[in-house]
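We use all heavy atoms of the structure for the numbers below, so side chains are in, but hydrogens, waters and symmetry mates are not. Chain naming here is simple, since letters A, B, ... match the order of the sequence lines and numbering starts at 1 in each.
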Amino acid sequence: MSYTRRRRCMTTWVATAYRTHTLGQIQEEGADLIGQVVTVAGFMEANRGKGAICFVDLRDGTGTTQIFLKGDNVGDEALDLVQRMTRESTLQFTGTVSQKRPPKAKEGEPTPPPAYEVVAASVVVIARAEAPLPLGVTDTVHVALDTRLDNRFLDLRRAHVNAMFRLRGKVLQYGREALISEGFFETHTPKIVATATEGGTDLFPMMYFETPAFLNQSPQLFKQLCMSGGLERVFEVGPAFRAEKHDTYRHLNEFISFDIETSWANDDDVMGVLERMIHHIWKSVASDTACVAHIDTINKYRASQEEEAIEVIVPELPFPRLSYCDAIATIKAKGGSIEWGDDIDAENSDLLAEDLPQFYFLPRWPMELKPFYIHHVEGEMGSTGKQLSRGFDLNFGRDELTSGGQREHRIDVLIENLKGMDLDPEEFEFYVAGFRHGVPPHAGWGLGVERILMKLTGAKNVRETVLFPRDRRRVSP
RNA sequence: GCCCGCUUGGUGUAGAGGUUAUCAUGCAGGAUUGUCAUUCCUGCGACCCGGGUUCAAUUCCCGGAGUGGGCGCCA
């Protein structure tokens, strides 16, 4: 078995039953491969030539390479077959690597770097694509999001969409990397639960055999039980389900939450964890050649749509902090309509974003706006004399990416909080029980993966960043 | 849940109370070409559904369905 190392991102590709080399390898290692017989496979982006020769643009997950076919080499029958092949058909070629003849260089233009092609000796049609395609993979026409999602399998073949999901994988990878380096380990909490986590939000009901149950809206309470169990530093990347009938660019009914919880820490401590993690993600993406190539692919598409290029700006540490009280004062100074104790709505968030267009924390919200599990320090009062909490948000411009805080570890206060918010402690017995034998002071947060990806990739709709989004109207595919 | 828009070939659009319904992309056929956003020629393909107004509705009105955006709420 031969192992070949890709230079660009140091990935080891092992030859498989269907190909000896990837198309990316043909381009990157072409100089060393000249004269070598290879088998490659992929989707046919285009074919040119109706005479005695034919050119195929073949694409796989690593790149695109031209296949050159000549009747003399492959036979007239195979040549005719390929010439009549539909776009996006799945083909496999065996042939010899050679240097491409350079395109006719126009006067005064620099000669392009050498490129490589495969001179085909044989072809196998693995699958002929039906025509017409429900959406063009390489067409320059704009395609509506709904059409794209109905035909997501084809939409994903488009270079910039493919790049988005490769970036998504990288963001998760670097996020995990940052947390693991600080002593966190990955865990999982149940998604089928008997009780609402926080009250307030709508849940998807389901039957668990003969017992009514729900899809979980958040790992919150279970993360906290991990603290009671002495796990100290956990994180989870998993789905959260919310049955809210919203219809916006930033909401989904199923989304992936990047959650952490840590013992012996307060809200300030976990804000530090969060900003260091985001910093690591941004910094890594900016210096990873594969990521840079994905960003470049997205920018090429954006240019074709006359959209501004995106730029990965590594944020400086620490992120700005604007306390709730200061935020209210700022909004009022800018003429926004708000009173202490109000949530900060979209219009007022826009006012804050004027001065803070990127990442910033909003710490110390009023206790009355936060859920029962959020901790407060007696005597920390807001400008109108009401109790503040140790809850915070992380925003990027107008959009909320994270909410988190120090949790209430004192069982008597916790029970008072539940009662004060019209929740029945009996219903939360599974949770309250975890506090009877002592829980370390602890804190954590939940980050919306789709939302942070929107900020990284410039996507204007959260659906862009999910393979098969679940929204108010869409449950298939 | 509230408010506002939109629905024309496979895809994305232009447009008007009476048109041969526009353009791009695509598809089919042909010519040319070591091509490379190929080029050129010919052809194919559409007005969301129901009701109303009208001599005439794809166009105006009402209802429905689908869909896009904003808001609330949140991640």
Side-chain angles (χ1 to χ4, degrees), chain A residues 45-57 64-70 83-84 86-88 98-105 112 115 117 119 129-151 154-155 158 197-198 200-202 217-220 238-259 300 304-305 342-350 369-371 393-396 399-404 445-455 460-463 465-466 471-474:
Chain A
E45 257 184 24
N47 59 351
R48 293 178 291 277
K50 300 282 185 192
I53 56 168
C54 175
F55 306 93
V56 168
D57 290 337
T64 304
T65 288
Q66 174 168 284
I67 313 295
F68 178 50
L69 292 95
K70 230 179 188 172
Q83 284 173 337
R84 290 173 183 283
T86 49
R87 294 196 304 169
E88 294 303 317
S98 69
Q99 186 161 345
K100 249 175 102 175
R101 294 194 192 178
K104 296 161 199 157
E117 66 180 8
V119 179
E130 270 183 38
L133 298 166
L135 62 87
V137 171
T138 55
D139 295 0
T140 49
V141 292
H142 177 261
V143 188
L145 185 57
D146 198 50
T147 306
R148 294 173 46 199
L149 294 178
D150 281 341
N151 303 282
L154 268 185
D155 184 47
R158 304 205 297 165
T197 302
E198 306 169 19
T201 190
D202 293 321
Q217 68 170 88
S218 158
Q220 181 58 38
F241 304 92
R242 301 193 183 169
E244 284 161 3
K245 292 179 178 173
H246 33 46
D247 196 6
T248 78
Y249 68 90
R250 61 191 184 281
H251 287 95
L252 291 168
N253 295 298
E254 177 185 34
F255 66 94
I256 301 299
S257 182
F258 207 130
D259 268 87
K300 273 188 192 138
S304 79
Q305 302 297 303
D342 290 345
D343 203 350
I344 301 174
D345 62 21
E347 201 178 325
N348 288 327
S349 294
D350 283 333
L369 287 179
K370 285 290 165 187
D393 282 356
L394 174 73
N395 276 30
F396 186 105
D399 292 313
E400 183 181 333
L401 303 185
T402 298
S403 90
W445 41 254
L447 168 68
V449 168
E450 290 80 12
R451 287 192 179 177
I452 198 160
L453 216 63
M454 280 175 80
K455 297 308 167 193
K460 291 189 199 74
N461 193 309
V462 73
R463 291 163 181 80
T465 70
V466 186
D471 62 34
R472 186 168 172 181
R473 298 189 180 87
R474 183 175 291 278

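Residue A/L252 is in base contact, counting any heavy-atom pair closer than 4.0 Å across all strands shown. If you check every strand for non-hydrogen atoms under 4.0 Å, A/N461 touches sugar and phosphate atoms only. Contact annotation for A/G136: no contact, since no heavy-atom pair falls under 4.0 Å across all strands. In this structure, A/Q66 reaches the bases: a heavy-atom distance under 4.0 Å links it to at least one base atom across the strands shown. Within the nucleic acid shown, A/S403 comes within 4.0 Å of sugar-phosphate atoms alone, with no base atom in reach, counting heavy atoms only. At a threshold of 4.0 angstrom between heavy atoms, the contacts of A/R472 include nucleobase atoms, whether or not backbone atoms are also involved. If you check every strand for non-hydrogen atoms under 4.0 Å, A/A240 touches nothing. In this structure, A/R87 reaches the sugar-phosphate backbone alone: every heavy-atom distance under 4.0 Å involves primed, P, OP1 or OP2 atoms, never a base.
Side chain A/H251 to base B/C74: a donor-acceptor pair is found below 3.5 Å. Between the side chain of A/R101 and the base of B/C36 there is no donor-acceptor pair of N/O atoms closer than 3.5 Å. For B/G1, the base has no donor-acceptor partner in the side chain of A/E244 [N/O atoms by modelled type, under 3.5 angstrom].
The side chain of A/R48 has B/U38 as its nearest neighbour among B/U38, B/C74, B/G69. For A/F68, the listed nucleotide lying nearest its side chain is B/G34; candidates were B/C74, B/G34, B/U67. Listed nucleotides: B/U38, B/A24, B/A75. Nearest to the side chain of A/V141: B/A24. Between B/U67, B/G26, B/A75, one nucleotide has an atom nearer to the side chain of A/R473 than all others, and that is B/U67. With distances taken from any side-chain atom of A/R242 to the nucleotides B/G68, B/C36, B/C74, the minimum falls on B/C74.
Each of A/S257 and A/T248 was assigned the nucleotide of RNA chain B with the nearest heavy atom; the assignment lying further toward the 5' end belongs to A/T248. Mapping A/I53 and A/D393 onto RNA chain B by nearest heavy atom places A/I53 closer to the 5' end of the strand.
In this structure, the side chains of A/R48 and A/D57 come closer than 4.5 Å at one or more pairs of heavy atoms.
Distance noted for atom P between B/A75 and B/U59: 46 Å (whole Å). For the P atom pair drawn from B/C71 and B/C55, the interatomic distance equals 47 Å after rounding to whole Å. Nucleotides B/C44 and B/U22, compared at atom P, are 12 Å apart to the nearest Å.
Both distances falling under 3.5 Å, in either a Watson-Crick or a G-U wobble arrangement, place B/C23 opposite B/G12.
Following rounding to the nearest Å, A/N395 (CG) and B/C74 (P) show an atom-to-atom distance of 13 Å. Rounded to an integer number of Å, the gap from CZ of A/R463 to P of B/U67 is 11 Å.
In this structure, A/Y249 does not count as stacked on the base of B/G69 under the 5.5 Å centre distance and 30° plane angle limits.
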